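Here is the structure we will look at, set down as structure tokens.
Proteins get letters first, then strands, A, B, ... in listed order; numbering begins at 1 in each. Predicted model, so just to flag it, every value in this text is computed and none were measured.
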Amino acid sequence: MMESKYNIGNTKNGVQKFQMKMKPIPVIFNNSNGPSSPKKIKLNDENRNPSNGQINNKPKISIQDQRRNLPVFDKRNKLLDLIKRHKTLIILAETGSGKTTQIPQYIFSARLQENGKIGITQPRRVAAVSVATRVAQEYGHGMSVGDTVGYSVRFEDCTSNKTKIKFLTDGMLLRESMFDRILMEYTVVILDEAHERTIHTDVLFGIVKRAQKTREDRNLAPLKIIIMSATMDVDHFSRYFNNCQAVYLEGRTFPVNIYYTIKPHDDYQTSCVATFFKIHREAPPNHDVLIFLTGQEEIEACAHRIRMLAKDPDVKGPSVKCCTLYAAQPGAQQMSVFQPAPPNTRKVVISTNIAETSVTIPGIRYVIDSGMVKARTFHPSTGLELLKVQKISHEQAWQRAGRAGRDSEGHCYRIYTRSQFELMEKTTTPEIQRANLATVALQILTLELHPNYFDFLDKPSKDAVGLACEQLKLLGAVNSVDSIILTPLGRKMSKFPLDPRFSKILITAQQYGCLQEALTVVSLLSGESILINPVTKQAEAQNVRQKFCSAYGDHVTLLNIFREFDTVGQNNRRTWCHEHFINMRNILHAREIRAQLEQVCKKCDLGVMSSCGGDLDRLRKCLVMGLFMNVAELVRDHHYITLDKKQSVQFHPSSCLHRQQPHLVLFTEVVQTNKCYLRGLTTVEAAWLQEIAPEYMKTHTLRSNSS
DNA sequence: GAGCACTGC
């Protein structure tokens with residue numbers, strides 16, 4: 001049997017061998033605490049309530065008292081005065097200041113929004129929904145969400161004509177801006193969590209700045225812009241917004257003691273385990289631990305080691321409840337992280353960076369920070385995506401440490417030395433500088449601007465913008481790479497919340513009579529993977545799903561799975577998904593996406609919902625319409641070369657085609673890990689390429705024209 | 001025959 005890199009195998013030998021090297025050498029930390037954080041961290045008054053009020057055994061304090069207890073409360077008048085006087089304001093606010101829930105209410109009570117709405121963006125759906133719900137409660141007077149206070153996220157618009165305070169995801173405001181580029185619905189726009197620098201917020205910076213100027217020039221109702229951020233680097237934001245005013249707001253979190261290792265540790269996984277047991281011996285049982293690692297396999301391996309070691313009679317300390325947390329996990333498993341550990345038990349959560357910002361786990365007193373993260377980067381010169389384990393930035397390190405100080409004083413053990421820390425990057429590279437920009441370029445073009453001249457806070461590279469424009473031209477969204485005018489096809493493409501290549505597939509599906517199938521495939525590609533591949537039951541998962549596999553490849557296989565799922569009755573779904581190793585949350589999500597895309601198709605007058613039934617050539621040709629620049633041909637045994645950049649690649653082993661070697665395939669993506677792998681494959685024929693993408697084929701010739 | 005961090009429309 002093959003041995004996994006991380007020794008998860010359950011063979012007797014594996015475990016025994018594993019146990020031999022399981023007692024990790026203790027990691028020694030520097031005990032002088034040093035600065036606990038570059039930010040000012042203030043200790044809570046005993047009587048004060050944490051703003052989120054999650055963990056609190058003290059008598060209930062009224063909502064209005066809680067509001068008054070927030071640090072931002074004392075600054076209310078000063079803030080309102082600043083907001084009144086400045087058309088753009090940066091609010092630098094620490095965690096726990098209450099900025100997100102309070103500032104919109106202050107503005108509203110002072111009627112600064114006049115006849116318009118206050119829009120507040122959040123990078124994540126859950127945040128937009130939960131903050132809106134909280135503010136509606138605080139606002140009181142029997143109001144429920146959707147009245148004065150509402151939210152708007154994908155698939156869920158909870159607003160009415162009475163709504164004045166509207167929380168929405170940054171992606172949602174970006175989409176709104178494509179219908180009204182000067183955002184006349186709003187008189188105040190607050191871009192919250194700006195320091196996270198999501199690709200959507202970055203584009204919005206340019207859009208609100210421009211909207212403000214345009215409204216000024218045309219004597220329309222002014223647009224107030226408020227940027228709320230936790231970053232220390234205000235100057236950068238301020239310069240961009242014409243040297244606007246910035247104000248600092250202190251927060252309320254508990255002190256976190258930081259420990260660095262005395263010497264560097266290359267095997268950060270083992271060091272994390274060792275550090276956990278050091279804490280485990282010393283800390284009271286109800287003090288929980290959060291460990292940051294990089295990925296699923298590593299996390300499961302680490303969990304296995306901790307569970308094994310915890311059973312060791314030599315190990316001192318209470319019993320251990322070990323949970324893992326990563327996005328690809330089935331929902332139920334994720335929930336167990338939030339359940340408190342039984343009495344006299346220590347909970348340890350091993351997580352990816354999902355616990356950095358997206359998920360808050362109550363009760364964490366200790367954080368162990370490996371200092372590493374798995375990140376996706378994009379290389380515009382090759383068009384290649386790279387998934388790579390790399391060092392985190394200072395920003396991320398402080399964010400991780402802060403997770404130990406949510407409810408009370410905490411501790412953070414960094415599995416790196418102080419000098420290693422000093423060498424890390426200060427900030428995380430903004431997403432816009434490491435992503436495929438095709439969608440962003442299309443969005444900018446809807447504003448009749450050229451992506452080369454868009455006013456970015458931080459410009460993406462010329463290569464990246466060039467590649468995006470080139471792709472849009474190949475797809476027919478523009479007539480030339482310099483054009484700022486979208487073709488009718490390009491305008492239609494911009495209506496879809498999709499990568500332009502996928503929009504193209506849907507728009508042309510009608511002419512191949514396979515819109516139904518195209519919708520299904522694109523929805524499945526657009527959401528997260530529906531396949532679950534547990535490390536220990538991989539063969540079983542692949543066997544049971546074998547019946548769905550198509551000789552045409554992965555896209556048709558996905559279609560088969562979705563079609564079968566649709567025939568399963570509501571009551572049997574959960575069992576069916578479990579038996580077939582299908583992620584139910586993700587397949588239901590894909591179905592939601594499908595419904596939304598179908599609506600967009602109808603709005604674009606794409607005609608009746610045609611189906612190709614069993615004639616799957618039509619679907620495959622239709623996929624070529626959008627993905628002709630993603631084609632690879634066989635050169636020798638299992639080795640392929642991409643038509644576009646002549647990159648040497650292989651099929652990813654998870655593909656249902658990986659044992660076969662068709663002459664020509666199209667792929668959804670190429671990802672470089674240890675090797676360059678193609679994922680999401682469909683076999684195609686050379687003649688189709690000539691027929692469907694004659695322009696492209698003029699500059700890209702196949703090695704062999706025999707198909 | 002090997003491994004896919006995380007959001008969002």
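- The CD1 atom of I392(A) sits 15 Å away from the C1' atom of dC6(B) (whole-angstrom rounding).
- Across all strands, D170(A) comes closer than 4.0 Å to no nucleic acid atom at all (heavy-atom distances).
- Per the geometry, NE2 belonging to H200(A) stands 14 Å off P belonging to dT7(B), to the nearest Å.
- Looking at heavy-atom distances under 4.0 Å, T198(A) makes no contact with the nucleic acid at all.
- Residue-environment remark: NZ (K537(A)) stays at or below the threshold of 12 foreign heavy atoms within 6.0 Å.
- Side-chain atoms of E196(A) and T357(A) include no donor-acceptor pair closer than 3.5 Å.
- Regarding contacts with the backbone of dA2(B), a side-chain N or O of K675(A) is found under 4.0 angstrom from either OP1 or OP2.
- Closest approach to the Q542(A) side chain among dA2(B), dA5(B), dC9(B) is made by dA2(B) (side chain taken as heavy atoms from C-beta onward).
- Regarding R376(A), its CZ atom lies at a distance of 13 Å from the P atom of dT7(B), rounded to whole Å.
- Side-chain proximity of R659(A) to the nucleotides dG1(B), dA2(B), dA5(B) is greatest for dG1(B).
- Tested against E176(A) for a salt bridge (charged side-chain N to carboxylate O under 4.0 Å, His left out), the candidates K117(A), R181(A), K166(A) yield a single pass: K166(A).
- Heavy-atom neighbours of R585(A) CZ from other residues, nucleotides or ligands within 6.0 Å: above the threshold of 12.
- Rounding to whole angstrom units, CZ of residue R400(A) and C1' of dC6(B) are separated by 12 Å.
- The residue R125(A) sits close only to the backbone: its heavy atoms come under 4.0 Å of sugar-phosphate atoms, none of a base.
- Of the candidates dA2(B), dC9(B), dG3(B), dC9(B) carries the atom nearest the R175(A) side chain, counting heavy atoms from C-beta on.
- With hydrogens and angles ignored, a donor-acceptor pair closer than 3.5 Å exists between the side chain of S654(A) and the base of dC4(B).
- Among the heavy atoms of the strands lying under 4.0 Å from H658(A) is at least one base atom, whether or not backbone atoms are also near.
- Looking at heavy-atom distances under 4.0 Å, V389(A) makes no contact with the nucleic acid at all.
- For the residue pair T100(A) and R134(A), no side-chain donor N or O sits within less than 3.5 Å of a side-chain acceptor on the partner.
- Nucleic acid contact class of F496(A) (heavy atoms, under 4.0 Å, all strands): none.
- Rounded to whole Å, atom C1' of dG8(B) lies 13 Å from atom CG of L173(A).
- Checking dA5(B), dG1(B), dC9(B) against the side-chain heavy atoms of V153(A) singles out dC9(B) as nearest.
- Note: F205(A) and F237(A) have perpendicular aromatic rings, judged against thresholds of 30 and 60 degrees for the angle between ring planes.
- Put simply, CD on Q122(A) is 11 Å from P on dG8(B), counting in whole angstrom units.
- Listed nucleotides dA5(B), dC9(B), dG1(B) differ in distance to P653(A); the shortest reach to its side chain belongs to dG1(B).
- Considering only side-chain atoms of A327(A), the nucleotide from dA5(B), dC6(B), dC9(B) that sits closest is dC6(B).
- The phosphate of dC6(B) has OP1 or OP2 within less than 4.0 Å of a side-chain N or O from T352(A).
- Dashed line: the shortest gap from a side-chain N or O of S526(A) to OP1 or OP2 of dC9(B) is not under 4.0 Å.
- Relative to the side chain of R124(A), the nucleotides dG8(B), dC4(B), dC9(B) differ in distance, and dG8(B) lies closest.
- dC6(B) atom P lies 22 Å from atom CZ of R197(A), rounded to whole Å.
- Atom CD in Q296(A) sits roughly 13 Å away from atom P in dG3(B) (whole-Å rounding).
- Using a 4.0 Å heavy-atom criterion, one finds that E196(A) contacts no nucleic acid atom at all.
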